[in-house]
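Naming convention: chains lettered A, B, ... in sequence-line order (proteins, then strands); numbering from 1 in each chain. On a predicted model such as this, the values are computed, not experimentally measured, just so you know.
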Amino acid sequence: MADYKGTLNLPQTVFAMKANLTQSEPMSMARWEAMDLYQHMQRTRVDAPVFRFHDGPPYANGPIHIGHLVNKVLKDMVVRSHMMEGMRVPYTPGWDCHGLPIEHRVVGELVKKGKMKDLDALPVEVRRMAIRKACAADATKFIGVQAKAMQRLLTIADYANPYRTMDFAYEEGTLGVFAELLETGVVFRERKPVHWSIANRTALAEAELEYESRDDPSVWVDFEASDPAAVAKAFGLSDPIGSPSLMIWTTTPWTLPANLAIAVGPSYRYVLVRIDGSETIVAADLLARVQSAIGATQVEVIAQTDGANLVGLSYRHPFCEREGRVIAGDHVTLEDGTGLVHTAPGHGEDDWRVGRREGLPAYCPVRDDGTYDDSVPDWLQGMNIWEANPVVVKRLEQSGHLVHQVVFTHSYPHDWRSKTPVIFRATEQWFIGVDRPLKQGSETLRGRGLHAVDHTIGFVPAWGRNRLRGMLESRPDWCLSRQRAWGLPIPSFTLPDGSAFMTPATVRAVAKVIGQKGSDAWFTETPAVLLAAYRPTDDPLAPQGLKVESLEKMFDIFDVWFEAGSSWNSVLRARGQGFPADLYLEGSDQHRGWFQLSLLPALGVTGQSPFHSVVTHGFVVDRDGKKMSKSLGNALEVEDLLKEFGAEVCRWWVSGLAFENDIRVDLDHVRAAGEAYRKIRNTLRFLMGNIGDLPTGDCVAEAMRTPPESLDGWALGELSRVQREVRDAFNRYAFREAHLAIFDFCNDTLSSVYCAATKDRLYCDPVDAPRRRQTQRVMRLTAHTLCRLLAPILPHTADEAFRSMVGEAECIHTHAHLPFQFTAHADWSKVLVARMAAMKALEGAKANGVDNPLDAGLTLPDPDGVLAKFQSELADVCGVSRVSLQRDSTAVTVHDLREEPRCERSRRRDASVRLRADGVALSDRDAAAVGAA
RNA sequence: GCGCCAGUAGCUCAGCUGGCUAGAGCACGCCCCUGAUAAGGGCGAGGUCGAAGGUUCGAGUCCUUUCUGGCGCACCA
């Protein structure tokens with residue numbers, strides 16, 4: 001018997017089944033780099049519509065993690081999908097360089113090496129310069145590490161010209177934003193308590209605190225009410241009862257000189273009690289605990305009232321010549337103390353917040369060396385606060401205000417370097433007021449922000465709007481200043497009288513110098529040099545007769561968020577990329593961060609939001625939904641994933657994520673993505689393998705001549721639909737929809753139906769048979785279209801496939817989607833329904849020994865006669881040897897054809913099969929194809 | 001504690017303004033093919049929709065409470 005395998009047109013292609021991504025991806029990267037793909041795309045599309053997408057700067061601190069991978073791949077799909085739409089997409093990657101985490105680690109290393117002691121002895125400018133130098137080196141190092149990894153993810157961006165918040169030009173742009181904001185009048189200076197290290201005379205961040213056990217005096221103190229009658233009234237009593245007090249509890253007696261108020265919970269119940277003969281007020285729920293704590297023997301409740309009724313009462317400070325008043329505080333709890341909270345706005349975060357609302361000053365009589373200033377009673381002046389603790393207690397005891405004292409052991413914050421206890425101390429800070437009227441008109445930043453959120457910004461997912469609105473509604477004024485070294489200096493000076501001096505004009509003058517020499521200049525240059533471009537006489541805000549030489553520099557730096565939040569100016573505007581951006585895309589934490597803190601400055605300066613839309617993604621968590629962290633040991637390393645699976649598999653995984661919510665990641669998920677990748681690759685490979693002998697021609701035009709009622713027409717219609725769906729999904733940032741549409745198309749439409757049904761004609765028809773060529777033309781267009789649809793997700797594979805079709809010199813990423821639309825005959829949907837019924841029937845026929853569909857014939861019910869016009873395709877569509885139709889039937893009938901002769905070439909049991917001259921059974925079609933008689 | 005979000009088959013997700021026996025894909029099981037072959041195809045079995053109340057003729061879908069998890073409320077970015 002002759003072997004006819006050699007006469008078949010079997011698939012052939014150089015596009016390998018095995019992707020070998022780990023080796024081949026870097027080759028694509030090298031090719032793109034050699035052709036300077038990013039710049040090439042900018043140059044060749046100068047007149048194309050622009051999509052302005054702006055990269056939020058990751059922090060240059062350590063190698064990238066899975067969160068970065070997700071973020072960068074999502075962004076890359078945005079960039080590439082818009083490029084595929086024919087647009088020009090300028091996209092500058094950026095890095096956030098300044099900030100505490102870097103400084104903290106760098107200083108930690110300096111301490112470890114024993115270098116910090118020497119540095120501490122130097123003048124502030126010199127010391128800070130040394131730290132800054134080390135920080136800059138650290139940031140630079142990690143920018144390199146991250147950029148390399150991001151490129152390894154096959155992302156396309158202007159990596160040759162990134163933005164870095166520590167670049168001179170960027171810093172100048174940031175100061176430009178600040179100068180404009182100064183102009184609007186929303187910047188102001190005010191006191192605010194911060195963690196303060198007395199030993200190092202510096203402010204500290206939470207990260208620089210170590211909690212250690214410490215003994216402090218714990219005291220219960222009676223503050224006498226000024227007006228007993230008012231107290232009686234608050235408790236609904238007609239007559240005053242003795243001389244009632246308000247009992248507070250504190251473990252920091254040294255802050256009592258700064259007491260300005262007592263806070264109560266308005267909804268709590270308070271009791272007026274007589275304890276061992278004297279009347280005082282405490283929270284009802286805490287009475288029993290207070291009683292046992294202070295060891296009271298006789299307790300008599302006189303009356304009760306709500307905390308709200310106590311608000312407004314006044315009291316005499318036990319040793320300062322002033323009165324305080326009772327205010328409402330949401331921070332008051334019933335866990336400790338008396339329910340009446342000693343409030344010193346200069347010495348506590350909550351106290352400050354509440355005090356601010358009540359119009360109380362952040363009074364802080366403690367100097368930076370931890371001693372009292374002259375505003376306290378003379379017996380305390382100049383005393384160290386820790387020494388003052390027992391002195392204050394003694395005084396209270398002598399004056400009869402002390403109810404009780406014990407030694408209290410608690411966990412207390414200590415300075416990580418000096419190991420000394422830290423205090424809260426109010427210092428002068430720079431703020432951006434969100435409720436201050438902007439110079440022109442009565443608008444405020446908060447008002448503009450809320451308006452933009454509600455009316456001009458688009459959100460994906462939609463709940464981002466609520467979230468950002470909620471944050472804008474409740475956010476406090478923005479504290480801009482930090483007392484640190486690694487950052488952009490706030491270019492303010494002090495006048496000879498000690499007051500702060502900074503105007504839009506001085507900031508602009510300094511900005512010029514910093515644009516030239518970088519922010520180090522602030523530390524190395526004199527005020528005269530820094531203000532070289534400044535003329536006091538031209539500045540209406542300068543004091544009369546100001547001499548620049550008389551100024552002294554201040555050394556606060558900006559909150560790094562102000563720097564990142566100025567990127568719309570330092571990058572988009574400074575580089576002429578256009579403003580505002582079409583899109584910002586970041587993790588959902590950036591509602592509070594970059595989104596909000598870019599929005600506010602931009603609204604202040606330009607009146608516009610810096611972005612038209614924001615897209616947010618969730619956070620990567622482990623398989624159980626728990627946060628990923630190195631310490632928990634549940635983190636996956638990007639490097640390992642790239643080594644084991646390659647970037648394309650990771651990208652396929654990302655494209656399929658429901659990224660709006662938490663993103664669970666597990667090795668199994670990436671493995672599954674690897675399987676899916678192979679399926680798609682194989683489908684593409686099958687298409688390509690079958691079009692190798694098709695003469696070149698106009699890919700689109702030739703396919704468009706396909707009859708709509710043919711099987712090829714159906715496939716083309718599906719291709720057209722999928723192309724539309726995928727492009728639409730990309731445009732809505734619905735990557736998962738695009739991913740699913742592509743996957744389903746490859747598996748269902750192509751692999752399961754179209755490829756299976758056309759194998760016979762592709763393999764067995766004569767090479768030039770019109771029917772075969774028609775299928776090939778559709779397959780060619782399908783492959784070309786698929787490459788373009790896949791390009792944003794799988795840039796390497798799409799390019800590899802494309803080049804193996806059209807030549808090694810080509811690159812898919814310089815192309816755009818093919819413009820075509822095709823609609824198949826509408827009744828094809830009914831054919832597919834009939835096919836499903838046929839498949840079920842064939843499955844049932846296996847019980848009768850008809851295992852191979854080619855051993856079967858089918859009779860399909862066709863009551864409406866709609867299937868008749870597809871008669872010639874039905875056998876192939878169902879994978880059987882032949883199909884007949886019956887109008888008056890409702891069920892599929894399977895015919896066992898195993899007794900009929902089988903074509904040895906096509907394996908079909910066709911009516912035309914007969915023995916040919918060489919003694920082999922062939923159908924007419926196959927006989928013709930091999931030239932057998 | 002407060003704000004936003006999520007909790008649907010083993011896994012990843014659809015289920016729009018409440019309405020046919022709750023759908024996909026993956027994995028799984030059985031089978032076919034061996035001319036896409038470290039491929040391809042067919043069929044099938046999987047769910048008391050986090051829990052508890054409530055509204056309704058009817059709830060995965062609306063309301064309340066609750067549990068679990070994520071993000072945000074800091075001189076962290």
(message) Side chains of F686(A) and K759(A), heavy atoms from C-beta outward: is any pair under 4.5 Å?
(response)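 Counting from C-beta outward, F686(A) and K759(A) do come under 4.5 Å.
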(message) Could you tell me if the side chain of L786(A) sits less than 4.5 Å from the side chain of C746(A), heavy atoms only?
(response)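 Side-chain contact under 4.5 Å: yes.
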Using the [atom1] atom as the point on both nucleotides, what is the distance between [M] and [N], in whole Å?
N: G41(B); M: U48(B); atom1: C1'; result: 36 Å
N: G29(B); M: G18(B); atom1: P; result: 42 Å
N: C43(B); M: A6(B); atom1: C1'; result: 35 Å
N: A59(B); M: A52(B); atom1: P; result: 15 Å
N: A14(B); M: G23(B); atom1: C1'; result: 7 Å

Looking across every strand, which nucleic acid part, if any, lies under 4.0 Å from [X] by heavy atom: base, sugar-phosphate, or nothing?
X: L100(A); value: sugar-phosphate
X: R905(A); value: base
X: K18(A); value: nothing

(message) Closest-nucleotide mapping onto RNA chain B: is P58(A) or R685(A) further toward the 5' terminus? I mean the 5' end.
(response)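 Counting from the 5' end, the first nearest nucleotide belongs to R685(A).
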(request) Between G656(A) and Q429(A), name the one whose nearest nucleotide on RNA chain B is closer to the 5' end. (result)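 Nearest-nucleotide comparison on RNA chain B picks G656(A).
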(request) Write down the partner of U48(B) under the Watson-Crick or G-U wobble criteria, each distance required to be under 3.5 Å. (result)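 Its partner is none (no Watson-Crick or G-U wobble pair with both distances under 3.5 Å).
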(message) Reading RNA chain B in the 5' to 3' direction, which nucleotide is the first one with an atom under 4.0 Å from a heavy atom of chain A, and which is the last?
(response)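 Contact boundaries, 5' end first: G3(B) to A77(B).
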(request) Using a strict cut-off of less than 4.0 Å between a Lys/Arg side-chain nitrogen and an Asp/Glu carboxylate oxygen, indicate whether K192(A) and D477(A) qualify as a salt bridge. (result)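 A salt bridge is absent here (no side-chain N lies under 4.0 Å from a carboxylate O).
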(message) Aromatic contact between H414(A) and Y211(A), with the criterion being ring centroids under 6.0 Å apart: yes or no?
(response)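 Not close enough - the centres of the two rings lie 6.0 Å or further apart.
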(request) Please find out if less than 6.0 Å separates the ring center of W95(A) from that of F142(A). (result)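 No, they do not, as the ring centres are separated by 6.0 Å or more.
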(request) Consider only side-chain N and O atoms of D693(A) and Q776(A), and report whether a donor and an acceptor are under 3.5 Å apart. (result)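 Result is yes, a qualifying pair exists.
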